[in-house]
Amino acid sequence: MNENLPPCPKCSCEYTYAMNALVVCPECGHEWVPAEGGAQDEQSTGERVVKDAVGNVLTDGDTVTVTKALKVKGSPSGIKAGTKVRNIRLIDGVDGHDIDCKIDGFGAMQLKSSVVKKA
């Protein structure tokens, strides 16, 4: 066994193992590439890095564009692709919703960073 493998970034389990190019956690099932800087950078700097659908890093106050049409509960029409959203705020949301914003005609809501592109 290789004792140089990092602990799991999700549950901190020490019993990780290598499978091809990935490192796998037997307790929570999380898989990651050990050379990837995402989890290590987040732990070392203490900040969470949020990227849009293209891979650009998002920050508070950015303007983003919705990349695909979104259905909105309780509204007959959803948010159209190409809608600009100004002054976003990054949050630790529920179920992957990590952007808090206000959209004209809809009000305050949360979006996933995977459906927006930095403008």
Side-chain angles (χ1 to χ4, degrees):
M1 282 234 163
N2 187 359
E3 296 182 15
N4 296 336
L5 293 175
C8 177
K10 295 280 184 183
C11 69
S12 301
C13 173
E14 297 177 1
Y15 303 109
T16 57
Y17 61 92
M19 183 171 48
N20 298 331
L22 297 175
V23 177
V24 181
C25 176
E27 289 187 6
C28 69
H30 180 63
E31 300 176 346
W32 73 99
V33 179
E36 189 174 84
Q40 289 83 10
D41 286 347
E42 181 178 327
Q43 290 175 352
S44 63
T45 62
E47 286 189 29
R48 189 172 58 105
V49 177
V50 177
K51 295 185 178 182
D52 66 359
V54 185
N56 299 324
V57 177
L58 297 173
T59 58
D60 286 343
D62 281 345
T63 299
V64 295
T65 304
V66 177
T67 57
K68 66 178 191 176
L70 303 173
K71 294 181 182 176
V72 178
K73 221 183 235 188
S75 173
S77 64
I79 299 170
K80 295 180 182 177
T83 303
K84 278 199 171 188
V85 181
R86 292 178 176 82
N87 200 16
I88 65 169
R89 209 174 49 136
L90 301 179
I91 58 169
D92 290 327
V94 182
D95 200 25
H97 294 84
D98 46 10
I99 297 175
D100 192 27
C101 61
K102 288 183 182 176
I103 300 177
D104 294 337
F106 293 97
M109 63 176 42
Q110 294 181 356
L111 297 174
K112 292 183 178 183
S113 60
S114 59
V115 297
V116 298
K117 179 176 70 169
K118 193 170 185 176

Nearest 0.5 Å, what's the [atom1]-[atom2] distance between [X] and [Y]?
X     : Y      : atom1 : atom2 : result
Cys25 : Tyr17  : SG    : OH    : 8.5 Å
Arg89 : Gln110 : CZ    : CD    : 8.5 Å
Asp98 : Lys51  : CG    : NZ    : 13.0 Å
Lys71 : Ser77  : NZ    : OG    : 13.0 Å
Asp62 : Asn56  : CG    : CG    : 9.5 Å

Shortest non-hydrogen contact from [X] to [Y]?
X      : Y      : answer
Ser114 : Thr67  : O-OG1, 4.5 Å
Lys112 : Gly96  : CG-O, 3.4 Å
Gly78  : Phe106 : O-CZ, 3.4 Å
His97  : Val94  : ND1-O, 3.0 Å
Val85  : Lys102 : CG1-O, 4.2 Å
Trp32  : Cys8   : CH2-CA, 3.5 Å

Contacts of Asp92 that satisfy salt bridge (charged side-chain N to carboxylate O under 4.0 Å, His left out) - sequence neighbours left out: Arg48
Within 6.0 Å of NZ in Lys118, more than 12 heavy atoms from elsewhere: yes
Matching residue for Val115 among Asp52, Val64, Leu70 - test: side chain to side chain contact (heavy atoms under 4.5 Å, CB included): Leu70
Within-4.5 Å side-chain heavy-atom neighbours: [X] and [Y]:
X     : Y      : result
Val72 : Ile103 : no
Leu22 : Val33  : yes
Ile99 : Val116 : yes
Cys11 : His30  : no

Joint hydrophobic cluster, Val50 plus Ile91, side-chain heavy atoms closer than 4.5 Å: no
Side-chain (Asp60) to main-chain (Leu90) donor-acceptor, under 3.5 angstrom: yes
Main-chain N/O of Pro6 paired to Thr16 side chain as donor or acceptor, under 3.5 Å: yes
